[in-house]
Protein chains: 2
Amino acid sequence: MKNSLFNNICGASVPGVNEFKTSNYLKKNQPIFREGGIPRGVFCINKGKVKIFTIGEEGKEQIIHVAKEGEIVGFRALFSDEPYRVSATTLDESNLCFVSKEFFFNLVDTNKALRDSIMKELSTELADRAVFITNMAQKSVRERLAFSLIFLDDVYDGEMINLSRDDLANFVGTATETLIRLLKEFKTDALIKTYARKIKLLDKVTILKISSSQ
Amino acid sequence: MKNSLFNNICGASVPGVNEFKTSNYLKKNQPIFREGGIPRGVFCINKGKVKIFTIGEEGKEQIIHVAKEGEIVGFRALFSDEPYRVSATTLDESNLCFVSKEFFFNLVDTNKALRDSIMKELSTELADRAVFITNMAQKSVRERLAFSLIFLDDVYDGEMINLSRDDLANFVGTATETLIRLLKEFKTDALIKTYARKIKLLDKVTILKISSSQ
DNA sequence: CGAGCGATTGAAAAGACTCAACCACCGTGG
DNA sequence: CCACGGTGGTTGAGTCTTTTCAATCGCTCG
């Protein structure tokens with residue numbers, strides 16, 4: 001886990017953390033927090049993947065991010081001192097630990113390095129989201145799918161991408177049917193191979209090319 | 001100027017700020033910073049509007065935000081310690097002041113209240129962008145236009161919205177022609193009235209309704 | 001073994017985009 | 001003073017992508 005944020009908050013070396021953190025096992029598709037809920041602390045992902053999403057006006061999910069082992073989720077809402085504006089749900093069996101707001105803020109106030117990491121993290125994500133917005137606005141669904149596959153391949157690291165078609169469509173920002181049709185095209189073009197819902201990338205170079213407009 | 005960030009950085013009460021800040025007058029459509037450039041400080045907007053945008057693969061601008069008097073721009077890149085990943089350009093004649101990186105960081109390190117405001121600001125914007133992404137992914141252009149008009153009406157406060165059609169299209173995330181056609185529809189529906197490029201909202205209630213699907 | 005959900009396919013309709021042309025305004029220079 | 005060129009705004013028509021709705025398939029789980 002190279003993520004310094006994680007180590008600075010949940011790592012064994014953080015003084016006192018063991019008395020304060022609680023460990024939770026969660027099954028697949030369990031909510032971690034919900035839009036509108038009151039934040040009481042942060043969650044560190046020890047194992048499993050977590051989707052971060054908003055619910056659009058029509059009730060459709062838009063997945064903003066897929067977080068993996070070593071990431072911290074839910075700290076943004078603590079700073080803005082408002083109810084959650086996004087929701088988080090496990091995608092697999094997961095193991096999270098919870099660190100209370102009080103303990104977290106105490107860390108932040110006393111540890112400049114942690115503060116700097118957090119500022120950096122927030123700023124970087126802000127720029128990432130600017131790119132995300134641009135992709136949504138300007139790229140075709142086909143291009144966005146390619147982009148998403150590259151992103152998810154990284155999140156799933158060695159393993160195959162393992163999301164429901166609905167979740168994948170909600171990440172790409174399209175209808176499930178459209179997603180399936182495009183996956184089929186990618187399959188016939190030998191860019192990917194599917195094993196039930198799992199997806200393996202065969203030709204990352206071409207996929208990357210597609211993701212950057214043609 | 002109610003924005004505490006601005007007052008804590010550029011306000012007359014900040015000790016030493018007058019020796020460090022430099023004031024700049026900028027004409028319409030002048031670049032403030034550019035994607036890829038190296039950040040050397042932050043800019044406080046005293047007067048005028050500023051667009052923050054990225055350039056997509058095809059060279060098309062996507063406007064992410066329109067900042068107004070009292071806002072600070074360009075501080076995110078300082079924290080992430082990377083080149084700018086967005087660009088900023090004036091939309092009107094503007095008056096900005098520049099505060100150097102060194103002075104800014106000194107303020108941040110010594111002023112907890114400022115730090116808290118910045119964290120809050122970053123976190124809030126992050127959530128705003130999640131909503132922006134969702135809007136892009138799920139709303140029709142018509143709905144996004146309505147949403148954008150409401151947003152811009154607030155930015156332009158008492159005045160009428162005053163953007164080129166291209167800029168407006170790049171904010172909504174559509175082609176200029178589509179934007180113009182929809183504006184026309186809004187005009188025939190008596191939702192807005194235009195005076196050359198300026199736009200006045202006549203029926204905010206209905207526009208708001210359109211912006212939230214339907 | 002049947003229910004039910006997720007995945008897939010088909011066909012039609014709608015929304016947006018592209019391209020091309022045209023208009024209107026404005027400042028410039030002959 | 002007026003023709004000229006340029007830029008930004010507007011309109012039209014055709015095309016293509018994407019969505020929607022409906023139906024079917026196939027598998028898993030009780």
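Proteins come first, then strands; the chains are lettered A, B, ... in the order of their sequence lines, and each starts at number 1. Because the structure is a prediction, the values reported are computed rather than measured.
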Starting from [atom2] on [N], measure out to [atom1] on [X] and report it in whole angstrom.
| X | N | atom1 | atom2 | answer |
| --- | --- | --- | --- | --- |
| Glu177(A) | dA11(C) | CD | P | 15 Å |
| Arg165(B) | dT7(D) | CZ | P | 19 Å |
| Arg142(B) | dA16(C) | CZ | P | 10 Å |
| Arg144(B) | dC17(C) | CZ | P | 8 Å |
| Gln138(B) | dG15(C) | CD | P | 17 Å |
| Asp166(B) | dT7(D) | CG | C1' | 10 Å |
| Arg181(B) | dA14(C) | CZ | P | 18 Å |
| Leu183(A) | dG6(C) | CG | C1' | 14 Å |

Sugar-phosphate only, base, or nothing, as touched by Ser164(B) at under 4.0 Å among non-hydrogen atoms: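 Sugar-phosphate, no base atom in range.
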
Side chains of Ser80(A) and Thr124(B), donor plus acceptor under 3.5 Å: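 On atom types as modelled, these side chains do not qualify, holding no pair under 3.5 Å.
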
From dT19(D), dT18(C), dA16(C), nucleotide with atom closest to Ala175(B) side chain: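 Nearest nucleotide to the side chain: dT18(C).
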
Residue-phosphate contact under 4.0 Å: Thr178(B) side-chain N/O, dC17(C) OP1/OP2: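 Indeed, a polar side-chain atom of Thr178(B) lies that close.
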
side-chain N/O Lys184(B) vs dT10(D) OP1/OP2, d < 4.0 Å: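 False: Lys184(B) side-chain N/O out of range (4.0 Å or more) of dT10(D) OP1/OP2.
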
Thr174(B) vs Ile180(A), nearer the 5' end of DNA chain C by closest nucleotide: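 Counting from the 5' end, the first nearest nucleotide belongs to Ile180(A).
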
Value rounded to 0.5 Å, distance of CZ in Phe53(A) from CZ in Arg34(A):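 The CZ atom of Arg34(A) is 7.5 Å from CZ of Phe53(A), to the nearest 0.5 Å.
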
Member of Phe43(B), Tyr25(B), Phe33(B) meeting the ring pair (Phe, Tyr, Trp, His ring centres under 6.0 Å) criterion with Phe98(B):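 In the set Phe43(B), Tyr25(B), Phe33(B), the residue that makes a ring pair (Phe, Tyr, Trp, His ring centres under 6.0 Å) with Phe98(B) is Phe43(B).
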
Face-on cation placement of Lys49(B) at Tyr156(B) ring, 6.0 Å and 45° thresholds: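 Relative to the ring axis of Tyr156(B), which defines the angle, Lys49(B) lies inside both limits.
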
